[in-house]
Asks: 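Here it is, the structure, as structure tokens.
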Amino acid sequence: MARNKQRERAAAAPVVETVDGGLAELIPDRERPRAWTLLIDGAPQSHVDLDDPAHLSFEYQRRLGHIADLAAPPNRPLQVVHLGGGAFTLARYVAATRPRSTQQIVELDGLLVQLVRRELPLDSAARVRVRSTDARAGLAKVQDGWADLVIADVFSGARTPAHLTSTEFLAEVRRVLRPGGFYAANLADGPPLTHLRGQIATAAAVFPELALTADPTVLRGRRFGNAVLLASDRELPVAELTRRVATDPHPGRVEHGRALADFAGGAVPVTDASARPSPAPPASAFQ
């Protein structure tokens, strides 16, 4: 068995194709025989292990996985909307950890969807529907109160599009969520964290309960990185999320309540009229 896995690893070669969003590369993982990292124009987007879809390699994806774990009691199927598909990493995770879940992926890049379906096929038992359309347009087609969880992880050229950063967009997210449902967003920013603070203020204008988790150096504005925002209309499992994030391979911090409001520092909510894309990462971010 070990010899076969070594042969598989040696035989695997990168897959490179042009997709709508740029140059897509699937790079084999040297440590895991059937695992791959997806890059778009050199920016890491997703990591998938076809043998172990419950394995989440990227730091921010682990935190999104924690939120999926806490969205409902263990083993209960979820109804999930994924805005942004990447390599379908989080959809695979939910399908593996919560069988019989029903999921919708909304991914604008149709050529990327074709590439992922061909090279990294979904488990045939997974109940996952993929729509190749704009995230906000796809969200508008989801019925009221359908989702237990909406995950936003949308990047175009390593930046979140402006129309996915506003109170109007988040009002649509809340419409789609059932009472008590969770909204989780992968946000990227660097010093002086203007975008991140604005997104906290925007979410606070729509949802009564918020929490934010990130590497402490990102929260202190010392480097560009990812932060995961969690929002709901019900009390959040902050203590358990904090415990899980603190025990990750790269421990993070959770902010909520008064500390999170202080962190936002008087930022004002973003509207469609004032929305801008998230900042471009520095060239050093992916080195």
Side-chain angles (χ1 to χ4, degrees), residues 12-30 32 34-50 53 55-65 81-93 103-122 128 130-139 151-165 169 184-190 195-196 199 214 218 223-229 276-287:
V15 178
V16 181
E17 287 189 15
T18 300
V19 296
D20 296 331
L23 187 68
E25 300 173 83
L26 288 173
I27 308 298
D29 187 326
R30 291 186 235 178
R32 293 174 169 261
R34 298 184 67 228
W36 301 78
T37 298
L38 168 67
L39 293 83
I40 304 292
D41 286 341
Q45 301 287 326
S46 303
H47 180 277
V48 168
D49 188 336
L50 297 178
H55 172 76
L56 298 176
S57 178
F58 287 6
E59 182 179 298
Y60 83 87
Q61 289 182 330
R62 287 182 63 87
R63 288 164 189 165
L64 290 170
V81 177
H82 301 265
L83 303 178
F88 310 163
T89 303
L90 269 298
R92 298 172 200 268
Y93 177 84
Q103 303 184 77
Q104 300 183 41
I105 295 174
V106 184
E107 170 56 60
L108 178 62
D109 195 327
L111 292 178
L112 176 62
V113 169
Q114 293 177 28
L115 171 64
V116 171
R117 281 190 178 280
R118 185 185 73 239
E119 300 293 337
L120 309 173
L122 285 163
V128 179
V130 184
R131 293 177 175 175
S132 294
T133 189
D134 171 76
R136 191 155 160 180
L139 187 67
I151 297 175
D153 186 13
V154 185
F155 288 86
S156 175
R159 304 176 73 181
T160 301
H163 69 297
L164 305 180
T165 67
F169 164 67
N186 176 32
L187 308 173
D189 200 7
H195 174 72
L196 183 56
Q199 288 304 286
V218 173
R223 69 172 178 87
F224 191 97
N226 297 88
V228 172
L229 179 65
R276 300 289 183 272
S278 66
S284 60
F286 307 123
Q287 292 178 355

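One is the number of the first residue; the rest follow in order along the sequence.
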Asks: Would you check if the side chain of Asp189 reaches a backbone N or O of His195 as a donor-acceptor pair within less than 3.5 Å?
Replies: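 Such a contact is found between Asp189 side chain and His195 backbone.
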
Asks: Any heavy-atom pair between the side chains of Asp153 and Tyr60 that's under 4.5 Å?
Replies: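 A side-chain contact exists here, since the closest heavy-atom pair is under 4.5 Å.
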
Asks: Rounded to the nearest 0.5 Å, how far apart are CG of Leu229 and CG of Leu196?
Replies: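 These two atoms lie 8.0 Å from each other.
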
Asks: What distance separates Gln61 CD from Ser46 OG, expressed to the nearest 0.5 Å?
Replies: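 These two atoms lie 5.0 Å from each other.
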
Asks: Could you tell me if the side chain of Leu50 sits less than 4.5 Å from the side chain of Arg92, heavy atoms only?
Replies: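 SC-SC contact between Arg92 and Leu50 confirmed.
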
Asks: Ignoring hydrogens, what is the shortest heavy-atom contact between Ala162 and Pro277? Give both atom names and the distance.
Replies: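 Result for this residue pair: CB-N, 3.6 Å.
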
Asks: Considering only residues two or more places apart or on different chains, which pairs with a residue in residues 103-112 satisfy side-chain hydrogen bond (donor to acceptor under 3.5 Å, both in side chains)?
Replies: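 Only His82-Gln103 qualify under side-chain hydrogen bond (donor to acceptor under 3.5 Å, both in side chains).
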
Asks: Hey, could you give me the OH/CG distance between Tyr93 and Leu56, rounded to the nearest 0.5 Å?
Replies: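 Interatomic distance, Tyr93 OH to Leu56 CG, rounded to 0.5 Å: 6.0 Å.
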
Asks: Is any side-chain heavy atom of Leu115 less than 4.5 Å from a side-chain heavy atom of Val15?
Replies: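 Touching, per the 4.5 Å side-chain cut-off.
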
Asks: Give me the atom names and distance for the closest heavy-atom approach of Leu64 to Ala184.
Replies: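 Taking every non-hydrogen atom into account, CD2-CB, 3.7 Å.
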
Asks: Are Leu38 and Phe88 side-chain neighbours, meaning at least one heavy-atom pair lies under 4.5 Å?
Replies: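 No, side chains not in contact.
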
Asks: Check Gln199 against Thr165 and note the closest heavy-atom contact, atom names and distance.
Replies: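 Distance-wise, the nearest heavy atoms are NE2-O, 3.0 Å.
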
Asks: What distance do Asn226 atom CG and Phe224 atom CZ have between them, rounded to the nearest 0.5 Å?
Replies: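 So the gap between those two atoms works out to 7.5 Å.
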
Asks: Look at the aromatic rings of His47 and Phe58 and report parallel, tilted or perpendicular, splitting at 30° and 60°.
Replies: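 The rings of His47 and Phe58 sit tilted, inter-plane angle from 30° to 60°.
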
Asks: Please report the interatomic distance OG1(Thr37) to CG(Leu39), rounded to the nearest 0.5 Å.
Replies: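 Here the rounded value is 6.5 Å.
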
Asks: Could you pull out all donor-acceptor pairs under 3.5 Å where a side-chain atom in residues 16-28 meets a protein atom, sequence neighbours excluded?
Replies:
{"from": "Glu17", "atom 1": "OE2", "to": "Arg118", "atom 2": "NH2", "distance (Å)": "2.2"}
{"from": "Asp20", "atom 1": "OD2", "to": "Gly110", "atom 2": "N", "distance (Å)": "3.3"}

Asks: With distance as the sole test, does Thr160 use its side chain to make a donor-acceptor pair with the main-chain N or O of Val154 at under 3.5 Å?
Replies: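 Yes; at least one donor-acceptor contact below 3.5 Å.
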
Asks: Output, in order, the C-alpha distance, side-chain angles, deciding distance and verdict of side-chain contact (heavy atoms from CB on, under 4.5 Å) for Leu112 and Ile40.
Replies: CA-CA 10 Å; Leu112 176 62; Ile40 304 292; 4.2 Å; yes

Asks: Which one of Asp49, Leu120, Asp29 satisfies the side chain to side chain contact (heavy atoms under 4.5 Å, CB included) criterion with Trp36?
Replies: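 Considering Asp49, Leu120, Asp29, a side chain to side chain contact (heavy atoms under 4.5 Å, CB included) with Trp36 is found only for Leu120.
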
Asks: Do you know which two heavy atoms are closest between Gly86 and Val116, and how far apart they sit?
Replies: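 Taking Gly86 first and Val116 second, the nearest heavy atoms are O-CG2, 3.5 Å.
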
Asks: By side chain to side chain contact (heavy atoms under 4.5 Å, CB included), which residues pair with Ala280, not counting sequence neighbours?
Replies: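 Once residues adjacent in sequence are excluded, the partners of Ala280 under the side chain to side chain contact (heavy atoms under 4.5 Å, CB included) criterion are Arg159.
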
